[in-house]
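Each remark here refers to the structure printed beneath this line.
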Amino acid sequence: MAQTEDTDTVQPLLQQFQQLFFISKIAGILPQDLEKFRSRNLMEKSRNGMLYMLGTLILYVLLYNILIYSFGEEDRTLKASQSTLTFVIGLFLTYIGLIMMATDQLTALRNQGRIGEIYERIRLVDERLYKEKCVMDNSTIGRRIRIMLVMTVIFELSILLATYLKLVDYSQWMSLLWVVSAIPTFINTLDKIWFAVSLYALKERFEAINATLEELVATHEKYKLWLQGDQETPPQLDSSQPPQYDSNLEYLYKELGGLDMGSIGRNSVSGSGKNKVAPVAHSMNSFGEQIDAATGKPPPNPLASNMVHESELGNAAKVEDKLNNLCQVHDEICEIGKAMNELWSYPILSLMAYGFLIFTAQLYFLYCATQFQSIPSLFRSAKNPFITVIVLSYTSGKCVYLIYLSWKTSQASKRTGISLHKCGVVADDNLLYEIVNHLSLKLLNHSVDFSACGFFTLDMETLYGVSGGITSYLIILIQFNLAAQQAKEAIQTFNSLNDTAGLVGAATDMDNGSSTLHDLVTTTMLTPTG
Amino acid sequence: MSGRLCRVLQFHLRLYQWLGFHGLPLPGDGNPCGMRKRLMAWSLLLLISLSALIAACLTSGEEFLFLDDMFGRVNDALKYVFAELAILAIYLETLSSQRHLANFWWLHSKLSRKVGVVSLRSEVQQFRRYLLTLYGMMLSELVIYLGLWQVQPLSHHMLLFWSTYEPLVWLTYMRNVQFVLHLELLRQQLANLERELGLLAEYSRFASETGRSFPNFEVFLRRRLLQKQRLYCDIYDMFKCFQSAFKFSILAVLLTINIRIAVDCYFMYYSIYKNVPNLNSYLIVPALLEIPAFIYASQSCMVILPRIAHQLHNIVTDSACCSCPDLSLQIQNFSLQLLHQPVRIDCLGLTTLDCGLLTRIACSVGTYMIYTIQFMPKFSPQYI
């Protein structure tokens with residue numbers, strides 16, 4: 001592989017994935033070969049891994065079914081007292097966790113050859129970026145993976161232990177099976193960590209491109225400033241204004257860590273000691289304000305302010321290559337993003353479906369539990385509000401984080417166009433305008449949007465829609481539950497009234513009873529019109 | 001005149017400082033560093049005291065909540081909880097996003113530095129939309145309150161509830177009006193840009209029709225266009241600053257007002273249904289006006305963008321006097337830049353704040369009303 005000679009220049013992204021890969025391999029999420037990954041950071045197909053993974057899948061399915069069976073006995077005895085709605089929902093949602101897990105594992109099996117390619121492509125992108133003098137730092141990714149793993153373990157363990165200790169009858173040894181209930185979510189989360197971290201890596205690469213472009217702009221502005229300072233031409237236009245506001249602004253610069261215009265919309269990835277105020281000796285003293293207006297930016301690097309006498313943007317022919325390369329890399333990252341989205345499309349769809357259904361169901365069962373109705377035994381965590389809060393934040397955290405990250409990545413990819421235009425505007429050169437216009441059109445046509453199988457895009461608007469949906473469904477469900485509950489009570493009242501009526505044998509009582517029933521039925525079934 | 005801010009702005013920013021919404025010193029303040037620290041401490045103090053107030057209301061045995069039935073009680077509690085959410089979002093954002101806010105005002109001062117001394121009258125004229133929103137809201141709320149208490153006697157519960165809840169509501173309204181102020185500044189910049197581009201388009205048309213222009217006219221046009229492009233870049237940055245300085249509180253304020261409208265609509269229906277004379281519900285009228293005021297302000301910002309593009313392409317390039325390929329290149333570049341930098345005001349990307357949102361809000365309030373109305377009889381004691 002060509003990778004050996006590059007290891008000293010570009011670190012492969014997968015190096016950071018060692019622990020995650022190991023855990024995933026053990027849990028049976030990825031079929032790839034462990035040894036090759038360890039030694040050479042490669043993800044290659046492996047027959048043994050595949051068999052092991054299928055074995056784990058079958059084992060999990062078996063265990064889960066035993067769990068359902070052994071804990072389902074309570075349900076069967078409770079069926080009479082449960083409302084039909086609760087029962088049906090419970091039945092419907094029993095297997096959704098399992099379906100989600102199976103989707104993850106089967107997709108991983110299907111993709112086993114292709115995931116490696118993705119990371120190989122990312123490595124190539126890194127190399128190309130390195131040639132453009134922008135080095136990717138992957139150590140944040142390793143930290144991110146560790147944080148996510150720890151969070152997953154904390155959430156899973158706290159849910160599992162709290163439910164087990166509080167809500168499971170642990171006198172029988174069968175209750176140990178309850179551990180199995182955590183497997184589907186755990187496996188799903190591990191799989192999603194892969195996706196999330198890879199997505200984050202893509203976002204970092206977009207941001208690195210943006211940072212490089214902004215750097216170009218900043219250098220050129222400095223260059224122009226230097227030219228201006230050298231020639232001492234520009235006359236002072238508005239010296240009549242009182243200087244208070246500006247002194248104030250200078251203060252704000254210092255106080256708020258710099259008002260570097262370039263870093264407004266992005267998280268400063270490069271952060272190379274930029275945001276410092278360093279009044280350039282020859283420019284700020286005499287007409288600092290004027291230059292401020294012209295550039296809108298403090299000189300980025302205090303050291304270089306007096307030395308930099310050239311800018312890449314000054315030479316259009318030279319910069320053309322660089323811009324072209326950056327746009328091609330951008331394009332490639334977009335393609336990688338699309339490929340990655342395609343690989344994980346079914347798992348994401350199933351996760352979103354799971355998130356929506358479980359969130360609604362958990363809240364509904366919480367309501368049922370507060371009304372002292374019995375709920376399906378697999379959802380017993382809903383009996384305790386605190387455990388419910390943890391479960392909800394875990395589930396929604398997963399979904400929302402993925403959506404948010406996809407949205408952010410897509411935003412970062414769109415920002416490249418803005419930075420490109422800044423380059424064009426600041427250089428003000430006809431050749432460069434032509435290049436920029438061409439590349440800008442290209443960027444407009446290459447945007448990356450993440451979606452779940454094309455059913456919905458993963459952006460914040462979906463989140464808005466989903467939260468609306470959850471609220472509506474919850475209210476509808478609660479209402480049906482109320483109606484069913486009252487109908488049940490009505491029937492009981494009617495029965496007891498019938499009994500008394502039968503004992504007394506008075507026809508008038510009978511009338512009363514039926515009218516009460518009629519009253520109750522109308523109030524529960526029909527909506528009042530005021 | 002102190003500093004560069006005009007008097008209307010100076011006065012209102014000072015007002016927001018007193019409310020703890022504006023954590024930056026104004027131009028002309030002595031010792032800005034100390035001032036900033038004091039303002040932050042003031043915001044923090046307000047946050048803590050208001051949160052304590054809400055916590056006290058929610059837990060106290062007094063009649064802060066509607067005690068007669070469960071559902072009304074939950075509704076009142078919901079109102080408090082969302083008010084707390086809004087207060088939390090507002091003050092935490094004031095404390096945390098000062099950098100963006102400072103950027104915003106810095107860009108504003110940079111973009112509008114050419115203005116000399118102007119009369120108060122023209123300032124008022126300049127900010128009429130904002131002033132109308134602010135004082136219109138205050139006045140309508142005051143009139144409704146006074147009118148209501150002439151008609152209806154105050155019960156103990158109502159006195160307690162309104163005297164604690166109303167200040168919170170008023171704070172969210174003021175925050176809302178603060179958004180309107182910032183949006184109005186943004187709109188003015190965009191409108192200026194559009195006007196100037198329109199002038200350029202007119203010059204070029206005149207030159208091409210009459211064939212009379214000065215030498216280097218096209219170069220002049222191109223330079224002007226470039227300057228406008230830079231201007232637009234700054235305005236866009238300003239818009240970005242606005243968005244990152246206020247994203248959470250926009251969401252929280254809209255949500256709070258929304259919840260309040262839904263809850264109050266429910267109560268209105270409830271009191272009619274149970275024949276309770278309750279005129280309290282008329283208090284939602286200002287709330288009903290708040291959201292449209294904000295959305296109108298943001299919509300009027302966003303509609304200028306297509307106008308700018310339109311004016312840009314109105315500039316005549318192919319005529320006898322100025323057939324300049326450079327100029328058309330510049331126009332292309334600007335146009336592409338506009339495509340890349342759309343001014344789309346949204347809260348956290350959740351939803352665009354345009355008039356469509358108004359429809360969606362109306363729909364959702366209607367839907368939830370129907371749901372809650374369906375709940376109603378089952379809770380009323382006469383049936384259970």
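Quick note on labels: first sequence line is chain A, next is B, and so on, each numbered from 1.
No side-chain heavy atom of B:Tyr232 sits under 4.5 Å from any side-chain heavy atom of A:Val425. Looking only at side-chain heavy atoms (C-beta outward), A:Asn430 and B:Arg222 come within less than 4.5 Å of each other.
Heavy atoms closer than 4.5 Å to chain B are found in both the backbone and the side chain of A:Asn437. In this structure, chain B has no heavy atom under 4.5 Å from any part of A:Thr462. Heavy-atom distances place the side chain of B:Tyr236, and not its backbone, under 4.5 Å from chain A. Looking at B:Gln243, neither its backbone nor its side chain comes within 4.5 Å of chain A, counting heavy atoms on both sides.
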Inset, instruction - For B:Tyr368 and A:Thr471, run side chain to side chain contact (heavy atoms under 4.5 Å, CB included): C-alpha distance rounded to whole Å, both residues' side-chain angles, the deciding distance at 0.1 Å, then the answer. - result: CA-CA 9 Å; B:Tyr368 289 124; A:Thr471 325; 3.4 Å; yes
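A salt bridge is absent between A:Glu461 and B:Arg360; no separation between the charged side-chain nitrogens and carboxylate oxygens falls under 4.0 Å.
Put simply, CG on A:Leu420 and CG on B:Leu336 are 9.5 Å apart, with the number rounded to the nearest 0.5 Å. Taken from CG in B:Leu251 to CE in A:Met460, the straight-line distance is 9.0 Å, to the nearest 0.5 Å. Put simply, CZ on B:Arg230 and NZ on A:Lys422 are 12.5 Å apart, with the number rounded to the nearest 0.5 Å.
Annotation: A:Tyr404, atom OH; neighbour count of heavy atoms from other residues, nucleotides and ligands within 6.0 Å does not exceed 12. For A:Tyr464, the OH atom counts as densely surrounded, since its 6.0 Å shell holds more than 12 non-hydrogen atoms of other residues, nucleotides or ligands. For CZ of A:Phe480, the number of neighbouring non-hydrogen atoms (other residues, nucleotides, ligands) closer than 6.0 Å is 12 at most.
Taking B:Leu339, B:Leu348, B:Thr367, B:Thr352 one by one and counting their heavy-atom pairs under 4.5 Å with chain A, the maximum is reached by B:Leu348. Counting heavy-atom pairs under 4.5 Å between each of A:Leu463, A:Asp428, A:Val436, A:Ile476 and chain B puts A:Asp428 at the top.
When every heavy atom of B:Leu329 is checked against every heavy atom of A:Tyr433, the shortest pair comes out as CD2-CB, 3.5 Å.
Between the side chain of A:His421 and the backbone N or O of B:His340, no donor-acceptor pair lies under 3.5 Å.
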